[in-house]
Amino acid sequence: MTFPLVYFLYAFYAFLVFWGMFSLTALGHILSYGMKGAGSFFAAFGYIAVSAVVLLGVFNYAGTIDWQQNVEFMGGYINLQQ
Amino acid sequence: MLKAHRIPNQLPGEEVIRIMRRDYFIMFKRIILFVILLSLLLVFMFAFYSFDPTITSSLYFPAIVLAGACYFLFIWLFFFFSFIDYYLDVWIITNERIINIEQNGFFSRTISEERLFRIQDVTSEVKGVLPTVFKYGNVIVQTAAEKNRFNFEQVSAPDEVRDIIIRLAEADRERQSSEIKAETVGIL
């Protein structure tokens, strides 16, 4: 089976959509219900900062890849490009 | 947001005596779990590289990177949920009330409060090796209300918390009694 590498990128985007929704919910919770002080803001900022660093690194790397390459799976007996 | 100097339905002259969460060791255990899950990712990456040192130039490497990013973001979100569960459970002792704020899951939040003079019994318990070593445990407050038990879970120094609540409850009962007597004398 052969398919373009970009399918993995699409799957990653789909994961990011769900991850983003849950992240926003979590951030909304801690900012709404947390005690007003350094703890809530530091926790929210820390979460956003680490996530941003990881995502920036992944997207920087993804920018160097030719996603239109085909990857072969199961010996190339099924070609999804046909 | 909840402000330390402004609590739900604050009474005139009410002062916050103590704000408590679960002991820091509880959060430490969750941090250790996150580190273990993160180290699994590093172990897999090392295993992949050891099995095939040319994997970084392989056609599948971008997919491996994306999978690793998904895994990290998932455990990071899981850790943040765990922190929120720890952080949003708060127990507040004031000179008038005890307040129990519990986050049960993500879409369930319970706030209970009880006046100090209605407290009938306060029990502290420390069970287990780790609670004994790190001095955290439960404080169970028995009241005369419909919800007759408040449970301060895994708080630091539960004996000290028990003593504080008992002392405040007695003082509040005396104050209530004095006010009733004064009102009675005023009526008569």
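By convention in this document, chain letters (A, B, ...) are assigned in the order of the sequence lines, proteins followed by strands, and residues within each chain are numbered from 1.
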query: Contact part of Thr64(A) toward chain B, heavy-atom cut-off under 4.5 Å: side chain, backbone, both or neither?
result: neither
- prompt: Linking Ile, Leu, Val, Met, Phe, Trp and Tyr through side-chain heavy atoms less than 4.5 Å apart, which residues share a cluster with Leu130(B)?
  reply: Phe25(B), Ile26(B), Phe28(B), Ile32(B), Ile36(B), Val129(B), Val133(B), Phe134(B), Tyr136(B)
Co-membership, hydrophobic cluster, residues Ile98(B) and Phe117(B), 4.5 Å side-chain: no
Winner by heavy-atom pair count (cut-off under 4.5 Å) against chain B, out of Trp67(A), Tyr61(A), Phe18(A): Tyr61(A)
- request: Give me the one residue out of Trp76(B), Phe72(B), Phe80(B) that meets side-chain contact (heavy atoms from CB on, under 4.5 Å) with Ser51(A).
  value: Trp76(B)
- prompt: In the single-linkage hydrophobic clustering (I, L, V, M, F, W, Y; side-chain heavy atoms under 4.5 Å), do Val126(B) and Ile165(B) co-cluster?
  reply: no
- prompt: Is Val54(A) reachable from Phe45(A) through a run of I, L, V, M, F, W or Y residues, each pair having side-chain heavy atoms under 4.5 Å apart?
  reply: no
- prompt: Under a single-linkage definition using a 4.5 Å side-chain heavy-atom cutoff for Ile, Leu, Val, Met, Phe, Trp and Tyr, are Ile93(B) and Ile140(B) assigned to the same hydrophobic cluster?
  reply: no
message: Rounded to the nearest 0.5 Å, what separates atom OH in Tyr13(A) from atom CG in Leu66(B)?
response: 9.0 Å
statement: Turns out that what part of Leu27(A) lies under 4.5 Å from chain B's heavy atoms comes down to both
field: Interatomic distance, Met21(A) atom CE to Leu77(B) atom CG [nearest 0.5 angstrom]
entry: 11.5 Å
task: Please look at Leu9(A) and chain B and tell me whether the side chain, the backbone, both or neither of the residue comes under 4.5 angstrom of a heavy atom of that chain.
output: both
- request: Give, for atom CG of Leu31(A) and atom CD1 of Ile84(B), the distance between the pair rounded to the nearest 0.5 Å.
  value: 9.0 Å
field: Toward chain A, the part of Leu88(B) with a non-hydrogen atom under 4.5 Å
entry: side chain
field: Side chains of Tyr60(B) and Leu5(A) in contact at under 4.5 Å (non-hydrogen atoms)
entry: no
query: Which bit of Phe61(B) comes within less than 4.5 Å of chain A, counting heavy atoms only: side chain, backbone, both or neither?
result: both
- request: Working to the nearest 0.5 Å, report the span between CZ of Phe15(A) and CG of Leu73(B).
  value: 5.0 Å
task: Report the option among Phe79(B), Phe74(B), Phe83(B), Tyr87(B) that has the most heavy-atom pairs separated by less than 4.5 Å from atoms of chain A.
output: Tyr87(B)
Partners passing side-chain contact (heavy atoms from CB on, under 4.5 Å) against Ala69(B) (at least two apart in sequence or in another chain): Phe12(A), Val58(A)
- request: Using the rule that two of Ile, Leu, Val, Met, Phe, Trp, Tyr join whenever any of their side-chain heavy atoms come within less than 4.5 Å, decide whether Leu37(B) and Phe44(B) are in one cluster.
  value: no
